[in-house]
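Contents: one structure, followed by commentary.
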Amino acid sequence: MSAGAKKKSKSSVYLSLGSTAFGALSVVKQAKLARKESDTLRLADAVMSTAKIVTGLAILYRELKRLGDDDVLLG
């Protein structure tokens, strides 16, 4: 963790995970519409958004591990 970074609470990390996962639903809709309309630019945008979501989820997962979460799903 960098010197200027503030440590998040578990509840805020879970909230961030939920909102990020919820954002994935709009990306799925965008990708379906882009494929249906054969819109390459929108499809590329959906792919980039997916990469952003996956990266965000990975960062939040790492933050949960650092907080020492006892959740069974995290191991």
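Heads up: numbering here begins at 1 and tracks the sequence. What you see is a predicted model; the values in this text were computed from it and never measured.
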**Asked** What pairs of residues pass the side-chain hydrogen bond (donor to acceptor under 3.5 Å, both in side chains) test when at least one of them lies in residues 44-57, not counting sequence neighbours?
**Response** Gln30-Asp45
**Request:** Kindly write out the residues that satisfy salt bridge (Lys or Arg N to Asp or Glu O under 4.0 Å) with Asp39, not counting sequence neighbours, or none if the list is empty.
**Result:** Arg42
**Prompt:** When clusters are formed by joining ILVMFWY residues with side-chain heavy atoms under 4.5 Å apart, either directly or through shared neighbours, do Leu67 and Leu60 land in the same one?
**Reply:** yes
**Hphob cluster co-occupancy, Leu43 + Ile53, side-chain heavy atoms under 4.5 angstrom** = no
**Item:** Summary of salt bridge (charged side-chain N to carboxylate O under 4.0 Å, His left out) pairs that have at least one residue in residues 19-35, sequence neighbours excluded
**Value:** none
**Request:** Quickly, which of Leu57, Ile59, Leu15 forms a side-chain contact (heavy atoms from CB on, under 4.5 Å) with Thr20? Name it, please.
**Result:** Leu57
**Side-chain touch Tyr61/Leu17, heavy atoms, less than 4.5 angstrom** = no
**Message:** If the condition is side-chain contact (heavy atoms from CB on, under 4.5 Å), which residues does Ser12 pass it with, not counting sequence neighbours?
**Reply:** Lys8, Ser9
Residues 21-28 side chain polar contacts: donor-acceptor under 3.5 Å, at least two apart:
unit_1, atom_1, unit_2, atom_2, d
Ser26, OG, Gly23, O, 2.8

